[in-house]
Amino acid sequence: VLQSDIPVDFIVDHISINRSGTAMFLSGSDALRVMFLYGNTSNKDNSIICRTVSVGALIYFDNSSPIRTLQISWHPYSDTHLGILSSDSVFRMFDLSSDLEKPEQEYYLQPVKPGRSHSAASTCPMGFSFGYEHLWDRFSVFVLFSDGSIYLLCPVVPVGSVYRWEAIVEIYNDAHTFGLKSSNSRAVSNASRAIDWLESTFPEITHQDSGGTSIMLRAELYVPFDASLCLQGPLRKVCHGEEDDDFESQGSKCEGRAVSFLYNSISKDSVLVTAWSSGQLQIDALADEIQPVWIVGSAPRLSVDSHDQIHRVAMICESNTDFSVVKLNQTLDQHVWLGHSPPLLRLANVDLALPRHTDGDSLLSLFADSLIPERIFCMHGGGVDSIVLHFLPFTCQTTGKDENVRAPSVYPVFSTCHGNNYLPSPLSGFVALADSFGYSWIVGVTSSQECIVLETKGWDALVPRHIDLEKFMTSDEAQEMDTPDIISKELLSGPKVVLVPQASPNLRSVTADSIEGRSTLHQYFKLFHENYVEYAHKVWFELKGHGAYLKRVVDDQHCRLGEVQRTLLNIEEKQPKLENRINRAVELNKHLEERLQLLRNLPGTRKKPLSRSEREFKAELDRFTGLELDALRSSIETLSARLRKHSQSSKSNASNSPKQMPGRRKNHIPDPQISDLLSAVKKLSLVNSENTHKLKLVESALQSKENSLTS
């Protein structure tokens with residue numbers, strides 16, 4: 001039991017132990033404490049009283065300060081350095097061995113969105129991750145913003161961190177080979193600045209010709225006086241030779257906002273995983289190596305001690321203004337050591353298909369498997385999923401595997417979502433463990449204070465476990481589960497074969513009372529006791545221990561046998577009914593086949609294909625049906641009504657005309673007007689007859705078409 005020497009009077013949201021297991025930090029919204037895992041043993045409850053200190057209280061946890069911590073992480077190459085990303089877009093690194101309140105290094109992040117104005121999402125950081133064992137990645141810090149854009153700082157190294165000699169020599173020789181010998185003056189300048197930084201940070205590197213002085217190198221703090229680190233990014237997708245004018249962030253295609261970020265070094269590949277609140281994961285790999293970039297003219301702020309040694313540094317890290325994207329068809333001289341940000345190669349987009357009816361955004365957390373680096377765990381409201389990467393571009397190319405691009409496999413490890421029962425935060429914590437023997441476990445703690453331990457075996461995922469938060473296991477059930485299922489193989493193989501010692505030829509003449517006889521009998525009894533009697537005792541003891549267990553097994557088998565017998569009886573009772581139903585189905589099938597054969601023999605089924613003129617006429621009818629039929633009917637009705645009205649008016653005028661009085665002059669209508677009226681009436685009648693004829697043709701065609709469809 002580890003006990004803090006000062007009270008922990010705040011809610012702890014996150015716990016993490018450094019790489020050597022000597023310190024552990026406890027963080028929450030109100031405080032950050034570091035507990036050193038060594039101390040004096042208490043005589044009261046045999047607990048270890050550990051020294052506990054507070055870190056960054058004046059910056060993050062002052063009542064008058066609006067700054068809050070977003071993510072806290074141990075540096076992978078130092079046991080005393082903590083990296084903290086805060087809401088004011090500042091990344092700070094604290095050295096617990098020197099100062100607990102003032103950071104050793106401060107980097108004020110100022111990202112720039114090219115081609116458009118600033119947005120709140122583009123300047124709001126969400127998380128960060130340290131690089132790991134790969135070239136300049138070990139000196140890099142990756143920062144994720146809420147719009148999905150990824151930036152990086154390089155080089156960032158804590159004072160006193162330890163690195164392998166071979167790793168530093170590799171990047172040192174690389175800078176000499178591809179930087180100083182380049183024909184581009186800009187590449188030579190960048191490589192020279194990187195070499196100066198390496199020689200000042202690791203002074204022993206200049207003695208590599210003599211074989212070096214140690215296997216490990218310890219870093220010293222060095223900062224150029226005339227330059228600050230460049231905030232490289234946002235990282236873009238790699239181009240295929242064509243100019244890419246799209247400056248949108250790589251996460252613009254996903255819904256929601258970026259909530260979590262993970263860097264994972266897998267052999268020759270550097271994999272970046274971004275989790276979104278909509279339940280989507282973006283998996284990218286760096287398509288080129290990271291190189292350090294400084295902005296000359298932006299001087300940092302330094303603090304030195306009495307020996308003129310730098311012990312604190314602060315700088316403003318602005319995004320580079322050169323947004324050139326590396327293309328696949330470029331040579332090394334066109335992009336190496338020119339200050340370009342490394343491009344991203346999209347490996348996959350994974351949709352976890354989380355329920356959408358939840359209130360608010362889903363909180364996703366990413367964890368890397370320490371045993372199998374290709375496996376990534378994602379914890380969400382519905383449980384934990386395992387994502388296994390099958391294709392890594394540089395690793396497959398290095399190992400000579402000619403594999404096709406395979407999508408990642410997604411397996412649910414265990415689920416806490418039963419039907420529509422979806423809890424927003426069913427797990428309070430999750431961690432992946434591994435040992436040196438190749439065993440791996442995942443451990444989760446539920447909100448009901450239960451602990452889940454699952455063993456993960458190899459690449460293949462197990463059947464997903466469903467965790468019921470309302471079910472508790474009793475002690476009897478736990479004891480029953482601990483009982484072995486079978487007797488040990490040692491007992492089943494029988495007693496050991498004992499070779500009887502070779503007897504003397506005169507053994508039969510020796511009596512049992514003699515000294516030689518008693519010695520021989522004692523030797524035989526000893527062999528018998530050591531083998532057969534002890535074996536019998538082992539068998540008796542194990543059978544006695546398995547007696548109750550075997551009785552339960554036998555009773556369970558009898559119960560299952562009874563259930564099987566009842567099931568067989570039910571099947572035997574239902575079998576005649578099933579046979580009758582099958583026979584009726586067979587007869588109905590035969591009847592339907594006969595009807596189908598009769599329908600096939602009908603003359604209408606052997607229709608010839610339409611000729612070209614028939615197809616044209618059918619198309620014209622279809623056009624009339626779809627567009628002109630209603631208009632044609634309305635025009636015919638209108639013409640018919642006008643004709644009836646005209647005929648009625650003619651008759652009424654003839655009947656109502658006044659009789660001619662004798663002696664009066666007749667009012668004759670001119671003959672040309674009468675002839676025009678007659679010709680108009682004839683034309684109307686002809687149009688009416690033609691429209692009526694067309695209407696009958698259309699109706700007959702429609703009727704024949706309906707008959708053919710129904711038949």
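Atoms considered below: every heavy atom in the structure, side chains included; atoms not considered: hydrogens, waters and symmetry mates.
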(request) Determine, step by step, whether F128 and F261 satisfy the side chain to side chain contact (heavy atoms under 4.5 Å, CB included) criterion, reporting the C-alpha distance in whole Å, the side-chain angles of both residues, the deciding distance to 0.1 Å, and the verdict. (result) CA-CA 7 Å; F128 76 96; F261 178 71; 6.0 Å; no

(request) Please lay out, stage by stage, how K102 and D95 fare under the test salt bridge (Lys or Arg N to Asp or Glu O under 4.0 Å). (result) CA-CA 9 Å; K102 296 181 180 180; D95 185 6; over 6 Å; no

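With hydrogens and angles disregarded, no donor-acceptor distance shorter than 3.5 Å links the side chain of T201 to the backbone of L198. Under the 3.5 Å distance criterion, the side-chain polar atoms of E101 are matched with a main-chain donor or acceptor of L58. In this structure, the side chain of D174 does not engage the main chain of E170 through any donor-acceptor pair within 3.5 Å. With hydrogens and angles disregarded, a donor-acceptor distance shorter than 3.5 Å links the side chain of D305 to the backbone of Q309.
Ring geometry for Y172 against H176 counts as perpendicular: the plane angle is over 60°, on a 0 to 90° scale with 30° as the lower cut. Taking the six-membered ring for Trp and thresholds of 30 and 60 degrees, W197 and W294 have ring planes inclined between 30 and 60 degrees apart.
Shown here are the salt bridge (Lys or Arg N to Asp or Glu O under 4.0 Å) partners of R312, two or more places apart in sequence or in another chain: D99. Partners of Y107 by ring-ring contact (aromatic ring centres under 6.0 Å, His included), not counting sequence neighbours: none found. Remark: D226 pairs with R193 by the salt bridge (Lys or Arg N to Asp or Glu O under 4.0 Å) rule, at least two apart or across chains.
Between Y263 and Y132, a ring centre-to-centre spacing not shorter than 6.0 Å is recorded. For Y151 and F145, the ring centers are positioned less than 6.0 Å apart. Proximity of the aromatic rings of Y77 and Y163 is defined here by a centroid distance below 6.0 angstrom, and this criterion is met. Ring centroid separation for the pair F94 and H81 does not come in under the 6.0 Å cut-off.
Heavy atoms only, all atoms of each residue included: L221 and Q105 are closest at CD1-NE2, 4.0 Å. The minimum heavy-atom distance between N190 and G339, with the atom names listed, is ND2-N, 3.7 Å. The nearest pair of heavy atoms linking D13 to S29 is OD2-N, 3.7 Å.
Comment: R19 engages D79 in a salt bridge, judged by a side-chain N to carboxylate O separation of less than 4.0 angstrom. Salt-bridge annotation for R164 and E133: present, with a side-chain N of the basic residue lying under 4.0 Å from a carboxylate O of the acidic one. In this structure, D284 pairs ionically with R346, as a charged nitrogen and a carboxylate oxygen lie closer than 4.0 Å.
Under the 3.5 Å distance criterion, with hydrogens and angles disregarded, no donor-acceptor pair is assigned to the side chains of Q282 and T274. A donor atom on one side chain and an acceptor atom on the other are found under 3.5 Å apart for T52 and S4. Side-chain N/O atoms of H311 and S303 include a donor and acceptor closer than 3.5 Å. Using modelled atom types and a 3.5 Å distance limit, the side chains of S86 and R92 yield a donor-acceptor pair. With hydrogens and angles left out, the side-chain atoms of N18 and T22 include a donor and acceptor closer than 3.5 Å. Side-chain contact of E289 with H134: a donor-acceptor pair under 3.5 Å is present, judged by distance alone.
Under the 4.5 Å side-chain criterion, counting only non-hydrogen atoms from C-beta, F142 is not in contact with L144. Side-chain contact between R236 and L344 is absent, with no heavy atoms from C-beta onward closer than 4.5 Å.
Once rounded to the nearest 0.5 Å, the distance linking CD1 of I72 with OG of S16 reads 10.0 Å. How far CD1 of I171 is from CD1 of I290: 11.5 Å, rounded to the nearest 0.5 Å.
Residue Y222 places its OH atom among more than 12 non-hydrogen atoms of other residues, nucleotides or ligands, all under 6.0 Å distant.
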